Amino acid sequence: MAYEEKGAWVGLIVGVIAFAVYLSVLLTRAAGGSLVETPYVDAILWSMGAAIVVTIMVTIIVAIVTRRDGTQTDVRDKQINARAQFTSRGFLIIGALAALVFAMMELDYFWIAHVLYLGFFLSGLLEGVTKIALYRGSVPSW
Amino acid sequence: MVKPTKVTNSIRSLRFAHGELTQAQLAEAIGVTRQTIIAIEQGKYSPSLELAFQIARVFETSLDEVFQYPSAEVPS
């Protein structure tokens, strides 16, 4: 398995777990009450920060454990990375547009923050899935 | 829509014909990963023109000997 593909797997799994943990914490705190009144800022920051740190740490550990495979990145890795980013940016744009609309509608900060966070998560999810699909399958021609 | 490549290659047989060159050795010779060589051999990845020339140069042969492309069918 290519080093970049291993990184894609790590990022995907950690991202999904971090999002699931955050949702679980949020819903537990809400306990059936108003979501908008639920404190979420610390949980979101911890979720995003921990996901980044854990992804970096696990990627380093995987690279050390599987060092025989090497950590080189070549032209195919760059093409797959570019393709995955191109495919996933739609969710980032949708999230940003939704946040813009929510702001114009003067919705609560809770919804603005969460539509942006959802956009980040879905974009990262699609990028990871696309990378893995391209590594497992074939790199399509444009 | 994913378009599979129509380009085929003889890299595997050429490697064996050239002193049983391993995928890792070929990868190192042209500056890519072993996984990229595997993907090329399996037809899952079309190398760039430059990379294709580099591969042909390693085997000291022409591009046509390494890579093949199906002839266009002439409509009757």
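Proteins come first, then strands; the chains are lettered A, B, ... in the order of their sequence lines, and each starts at number 1. Atom set for the values below is all heavy atoms of this structure, side chains included, hydrogens, waters and symmetry mates excluded. Predicted model only: the values in this text are computed from it and were never measured.
- A donor-acceptor contact closer than 3.5 angstrom links the side chains of B/Y45 and A/Q79.
- In terms of heavy atoms, A/D74 sits closest to B/T33 at OD2-N, 2.8 Å.
- With a 4.5 angstrom heavy-atom cutoff, B/I40 does not touch chain A via any of its atoms.
- Contacts of A/F102 classified as ring pair (Phe, Tyr, Trp, His ring centres under 6.0 Å), with partners at least two apart in sequence or in another chain: none.
- In this structure, B/F67 places its CZ atom where more than 12 heavy-atom neighbours from other residues, nucleotides or ligands lie under 6.0 Å away.
- Residues A/L92 and A/V115 are members of one and the same hydrophobic cluster, defined by side-chain heavy-atom contacts under 4.5 angstrom among Ile, Leu, Val, Met, Phe, Trp and Tyr.
- Counted within 6.0 Å of CZ on A/R29, heavy atoms from surrounding residues, nucleotides or ligands total more than 12; the atom is thus considered enclosed.
- For the residue pair B/Q35 and A/M1, the shortest heavy atom distance occurs at NE2-O, 3.5 Å.
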